[in-house]
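Quick caveat, the model's predicted, so the values are computed rather than measured. Heavy-atom basis, side chains included; hydrogens, waters and symmetry copies ignored. Note on naming: letters A, B, ... go to the chains in the order of the sequence lines (proteins, then strands), and numbering restarts at 1 for each one.
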2 protein chains.
Amino acid sequence: MTAAERPSQPVYRTVANKLRSDIAAGTYKNGVRLPTESELASEFGASRQTIRRAFHDLVSEGIVHRVPGRGTFATEHNSRYLRQLGSIEDLMNLSTDTTMDIVSPLRRQVNIEAASRLRLDTDVVYGVTFRRVHDSVPFVHTRVFLPEAVARHVLDSPELMEGASSTSTLIGLLEPHLDAPIARADQSITVAPATAEVAEVVNCDTGHAMLRVDRLYSNDRDELCELALSYFLPEHYTYRITLRR
Amino acid sequence: MTAAERPSQPVYRTVANKLRSDIAAGTYKNGVRLPTESELASEFGASRQTIRRAFHDLVSEGIVHRVPGRGTFATEHNSRYLRQLGSIEDLMNLSTDTTMDIVSPLRRQVNIEAASRLRLDTDVVYGVTFRRVHDSVPFVHTRVFLPEAVARHVLDSPELMEGASSTSTLIGLLEPHLDAPIARADQSITVAPATAEVAEVVNCDTGHAMLRVDRLYSNDRDELCELALSYFLPEHYTYRITLRR
DNA sequence: CGTTATTTGTGCGTATGTATT
DNA sequence: AAATACATACGCACAAATAAC
């Protein structure tokens with residue numbers, strides 16, 4: 001419905017983006033103070049409240065910290081605590097030495113829960129199920145759900161057809177077709193018993209305790225693009241993360 | 001204005017805490033809409049802006065999402081205790097609303113495996129065992145091992161004595177005393193059955209499938225400083241991470 | 001040592017726009 | 001078409017922490 005002709009974005013987002021890229025460019029390294037709220041308000045012709053809104057986002061992203069009376073500073077991950085190393089690229093590179101075998105091809109279906117988690121206003125989603133194999137050992141069962149608007153770009157991909165086997169990742173297949181790039185992935189990791197289907201696909205007992213990883217990908221407009229529900233065999237997979245300063 | 005109220009906190013935080021705990025209690029499960037901004041403003045005698053500030057925090061924590069014209073909804077995450085342990089603020093904030101109960105105080109012991117993982121040239125390590133409690137529910141059992149050189153800085157800490165209970169984190173206790181700052185933590189996450197001791201401490205059955213998180217901290221000289229082995233109850237805890245580009 | 005200016009934090013009020021019902 | 005509910009944006013006042021004088 002909405003045409004792509006929407007270059008306009010909130011002022012606070014413009015401000016936040018500018019500051020983010022300046023920070024990334026190293027403009028405020030080594031404890032250099034960022035501009036004050038008043039300065040930015042003048043510079044952008046916005047109110048102090050609007051600038052605060054931008055800073056609030058940057059703070060919750062953990063890239064700046066603020067001290068009353070002193071100012072705002074880019075967070076130096078080198079001084080105190082740790083920062084996470086994992087990135088979305090790491091998730092994409094998962095494919096290099098593993099194979100994706102399609103268990104059930106990409107097709108339209110009704111799934112209220114998946115639709116709700118993707119925050120769709122219909123119950124219709126597109127789903128595909130596959131497993132990943134490493135050294136001929138299947139170690140993970142994944143179900144991916146996509147909104148219709150996203151799925152239509154990959155409906156004809158041979159990698160997602162019945163019985164296909166490739167070294168792709170779904171997000172890697174999708175990325176080139178999306179008008180806005182994937183910007184974040186929210187993951188939650190817990191333990192869940194293998195369902196009968198999962199058990200059959202990864203060759204374990206039903207009810208076996210699995211490492212369950214839910215991933216929700218979104219683009220830089222905060223639109224949800226993909227929901228991936230994975231069951232990893234803990235005997236063959238350990239989730240590793242390095243937090244660095 | 002109120003001079004007598006020392007532990008006073010901002011209204012928006014009070015509102016956010018109330019909503020967080022209601023959400024955790026399942027009050028807004030299954031798509032039940034949260035109160036509107038106006039309703040909460042009346043209920044708390046605050047302005048709509050203050051309520052919005054609270055909601056903004058909840059949104060950036062990922063526990064609610066908002067839809068213009070429809071309302072605010074709890075993000076479906078099985079109402080587990082959700083904590084984001086990818087960034088450092090999250091690691092520190094862990095202490096704000098959870099309690100650390102010492103199960104076994106910090107003391108010298110011989111543990112070949114721990115010593116080996118810390119790459120010590122002796123078998124002597126210092127170990128402490130504790131659990132963490134949230135809303136009177138124990139949700140994790142942790143054993144921490146330290147090299148002697150590190151442990152001596154906190155041997156006399158009251159927080160690590162027999163029967164102590166505090167809101168500290170061990171890394172928070174250690175940090176000020178170390179001559180070289182913690183530079184990285186390598187984590188691995190998998191599934192493991194509860195041992196008898198773990199089961200008793202977190203009140204579950206022996207053999208219950210737990211989320212096991214091993215963390216190995218090191219400083220910028222690549223010296224290993226702390227080994228933490230945690231068993232999380234998956235019913236009450238989900239490990240959350242956000243990956244960004 | 002206070003005093004003052006600066007800077008962020010909290011909280012209120014208003015107005016207007018947009019999406020949903 | 002109207003009412004509801006959230007989004008953006010402006011304004012103001014005062015508090016609290018910091019730094020410089």
Side-chain angles (χ1 to χ4, degrees), chain A residues 1-3 5-19 28 31-60 62-75 115-116 119-123 149 220-224, chain B residues 1-19 28 31-60 63-75 89:
Chain A
M1 311 298 186
T2 50
E5 40 178 291
R6 259 283 169 257
S8 172
Q9 66 174 349
V11 177
Y12 73 83
R13 200 169 288 225
T14 308
V15 175
N17 286 341
K18 171 69 159 58
L19 292 172
Y28 305 114
V32 173
R33 204 190 65 183
L34 272 71
T36 66
E37 294 175 355
S38 308
E39 288 165 355
L40 289 166
S42 302
E43 179 183 340
F44 287 90
S47 78
R48 194 186 145 214
Q49 298 311 316
T50 301
I51 305 299
R52 285 185 65 72
R53 176 69 168 82
F55 272 132
H56 197 274
D57 286 355
L58 299 183
V59 167
S60 73
I63 69 180
V64 305
H65 63 103
R66 321 195 71 199
V67 185
R70 300 215 315 141
T72 306
F73 305 88
T75 301
S116 146
R119 296 188 202 139
L120 302 177
D121 45 12
T122 70
D123 294 340
D220 55 11
R221 295 201 286 260
D222 279 333
E223 296 163 343
L224 303 178
Chain B
M1 302 304 265
T2 47
E5 295 190 35
R6 188 61 57 76
S8 161
Q9 64 174 350
V11 177
Y12 73 81
R13 197 164 300 179
T14 308
V15 175
N17 287 341
K18 171 69 160 58
L19 292 172
Y28 305 114
V32 173
R33 203 190 68 183
L34 271 72
T36 67
E37 294 176 355
S38 307
E39 287 165 356
L40 289 166
S42 302
E43 180 182 341
F44 286 90
S47 79
R48 198 186 138 213
Q49 298 312 314
T50 301
I51 305 300
R52 283 185 65 73
R53 176 71 166 78
F55 271 133
H56 197 268
D57 285 355
L58 299 183
V59 168
S60 70
I63 71 181
V64 305
H65 61 101
R66 321 194 71 197
V67 184
R70 299 218 302 140
T72 305
F73 305 89
T75 302
E89 273 125 7

Could you check whether any side-chain heavy atom of [X] comes within less than 4.5 Å of a side-chain heavy atom of [Y], counting everything from C-beta outward?
X: A:Thr14; Y: A:Lys18; result: no
X: B:Phe55; Y: B:Leu40; result: yes
X: A:Leu34; Y: A:Glu39; result: no
X: B:Glu37; Y: B:Thr72; result: no

Starting at atom [atom1] of [X], determine the distance to atom [atom2] of [N], rounded to an integer number of angstrom.
X: A:Asp57; N: D:dA9; atom1: CG; atom2: P; result: 12 Å
X: A:Leu40; N: C:dT7; atom1: CG; atom2: P; result: 11 Å
X: A:Phe44; N: D:dA9; atom1: CZ; atom2: P; result: 12 Å
X: A:Arg53; N: C:dT8; atom1: CZ; atom2: P; result: 18 Å
X: B:His65; N: C:dT20; atom1: NE2; atom2: C1'; result: 15 Å
X: A:Arg13; N: D:dA9; atom1: CZ; atom2: P; result: 10 Å
X: A:Glu223; N: C:dA19; atom1: CD; atom2: P; result: 13 Å
X: A:Ile51; N: D:dA9; atom1: CD1; atom2: P; result: 10 Å

Distance test, side-chain N/O of [X] to OP1/OP2 of [N], below 4.0 Å:
X: B:Arg66; N: D:dA5; value: no
X: B:Thr50; N: C:dC12; value: yes
X: B:Tyr12; N: C:dG11; value: no
X: A:Thr72; N: C:dT8; value: yes

Task: Given DNA chain C, 5'-ward residue of the pair A:Asp121 and B:Ser47, judged by closest heavy atom - done: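 Final value for this comparison: B:Ser47.
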
Task: Nearest-0.5 Å distance that lies between atom CD in A:Glu223 and atom CZ in A:Arg119 - done: 12.0 Å

Task: Pairing partner (Watson-Crick or G-U wobble, both distances under 3.5 angstrom) of D:dA1 - done: none

Protein and nucleotides 17-21 of chain D: nitrogen or oxygen contacts under 3.5 angstrom:
unit_1, atom_1, unit_2, atom_2, d
D:dA19, OP1, A:Arg70, NH1, 3.3

Write down the protein N/O and nucleotide N/O pairs, taken from nucleotides 14-16 of chain C, whose separation is under 3.5 Å; answer none if there are no such pairs.
unit_1, atom_1, unit_2, atom_2, d
C:dT14, O4, B:Gln49, NE2, 2.9

- [ ] Between D:dC6, D:dA9, C:dT8, spot the one nearest the side chain of A:Glu37, thanks.
- [x]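 The listed nucleotide nearest to A:Glu37's side chain is C:dT8.
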
- [ ] Report the residues that fulfil ring-ring contact (aromatic ring centres under 6.0 Å, His included) with A:Tyr12, sequence neighbours left out, ordered by chain and then residue number.
- [x] none

Task: Partner set under ring-ring contact (aromatic ring centres under 6.0 Å, His included) for B:Tyr28, not counting sequence neighbours - done: none

TODO: Please name all residues satisfying salt bridge (Lys or Arg N to Asp or Glu O under 4.0 Å) with A:Glu43, sequence neighbours left out, ordered by chain then number.
DONE: none

Open item on the list: How close do B:Ala16 and B:Ala54 get, counting heavy atoms only, and between which atoms?
Closed with: N-CB, 3.9 Å

Task: 5' precedence on DNA chain D between B:Arg52 and B:Thr36 (nearest-nucleotide basis) - done: B:Thr36

Task: Under the side-chain contact (heavy atoms from CB on, under 4.5 Å) test, residues paired with B:Ala41 that sit two or more places apart - done: B:Ile51

